[in-house]
Amino acid sequence: NAGVTQTPKFQVLKTGQSMTLQCAQDMNHNSMYWYRQDPGMGLRLIYYSASEGTTDKGEVPNGYNVSRLNKREFSLRLESAAPSQTSVYFCASSELGRGNQPQHFGDGTRLSIL
Amino acid sequence: RKEVEQDPGPFNVPEGATVAFNCTYSNSASQSFFWYRQDCRKEPKLLMSVYSSGNEDGRFTAQLNRASQYISLLIRDSKLSDSATYLCVVNTGGSYIPTFGRGTSLIVHP
């Protein structure tokens, strides 16, 4: 009963390096999301994908790109990492837009950029 | 005014106490409501949905007041393990983007 799986769990990068955070869900959800959470800031939406083949910017998209690879997978890419992107990143999925359905979260990627 | 507002707390209560949190929302078109629990630096986990008629799950009771635009979460007989941050989430019907409150911190002490 995996739900939402994120990889890696932890990562340390140097400024300017690139990397891709992976997310996969096995609940057949149409919508997927990437959030970041910083101390005292709450969850902030980076990008979301309402359905396969679509992606849209959230509240804090600068410095990130996303790919909805298929219905199951939604990846987040940092092209040139900056210290300000040090954060905990959560992926989520849901059937929002189709009634009273909540989001389900992965257990996060803890990213440090030096 | 923020779309979803919560008192950040912390609420410090002894074991066995009853504690209640409120969450106000500004969009009258909001249709679905949830409470999540988040432990320190871990992922938010769905605690319960909030239905118009109110609903209960063990020691937890959630209620919705549409007239005053708030939802509440009541925890009875608090346990040490209830210590966490409780997030209120509101969704407008047809929207793909839920709105999260900043959370209310609960600390249950012996």
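Note that the structure is predicted; figures quoted are calculated from it, not measured. Labels below follow one simple rule: chain letters A, B, ... track the order of the sequence lines, proteins then strands, and each chain is numbered from 1.
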Legend entry - Flag side-chain contact, heavy atom, 4.5 Å: Val89(B) against Pro102(A): no
Legend entry - Residues, nucleotides or ligands: over 12 heavy atoms within 6.0 Å of Lys9(A) NZ: yes
Legend entry - Co-membership, hydrophobic cluster, residues Tyr48(A) and Val60(A), 4.5 Å side-chain: no
Inset, instruction - Output the distance between atom CD1 (Ile97(B)) and atom OG (Ser31(A)), rounded to the nearest 0.5 Å. - result: 10.0 Å
Inset, instruction - Could you grab the distance from atom CD of Gln38(B) to atom CZ of Phe90(A), nearest 0.5 Å is fine? - result: 5.5 Å
Inset, instruction - Examine Val50(B) and Leu106(B) and state if one hydrophobic cluster contains both, with Ile, Leu, Val, Met, Phe, Trp and Tyr joined whenever side-chain heavy atoms are less than 4.5 Å apart. - result: yes
Inset, instruction - Say whether, by atom type as modelled, one donor and one acceptor occur between the side chain of Tyr36(B) and the main chain of Gln103(A) under 3.5 angstrom. - result: yes
Inset, instruction - Inspect the surroundings of CD in Gln63(B) and state if more than 12 heavy atoms from other residues, nucleotides or ligands are less than 6.0 Å away. - result: no
Inset, instruction - Indicate, with yes or no, if Val4(A) and Phe74(A) share a hydrophobic cluster defined by side-chain heavy-atom contacts under 4.5 Å among Ile, Leu, Val, Met, Phe, Trp and Tyr. - result: no
Legend entry - Among the listed options Lys42(B), Arg102(B), Lys45(B), the residue most often paired with chain A at heavy-atom distances under 4.5 Å: Arg102(B)
Inset, instruction - Please name all residues satisfying ring pair (Phe, Tyr, Trp, His ring centres under 6.0 Å) with Phe21(B), sequence neighbours left out, ordered by chain then number. - result: Phe11(B), Tyr86(B)
Legend entry - Rounded distance (nearest 0.5 Å) linking atom CG of Leu45(A) with atom OG1 of Thr99(B): 10.0 Å
Inset, instruction - Measure distances from Arg110(A) to the heavy atoms of chain B and classify the residue's part below 4.5 Å as side chain, backbone, both or neither. - result: side chain
Inset, instruction - With side chain to side chain contact (heavy atoms under 4.5 Å, CB included) as the test, would you mind laying out the steps for Val88(A) and Arg41(B) before giving the verdict? - result: CA-CA 8 Å; Val88(A) 181; Arg41(B) 303 289 278 178; 3.3 Å; yes
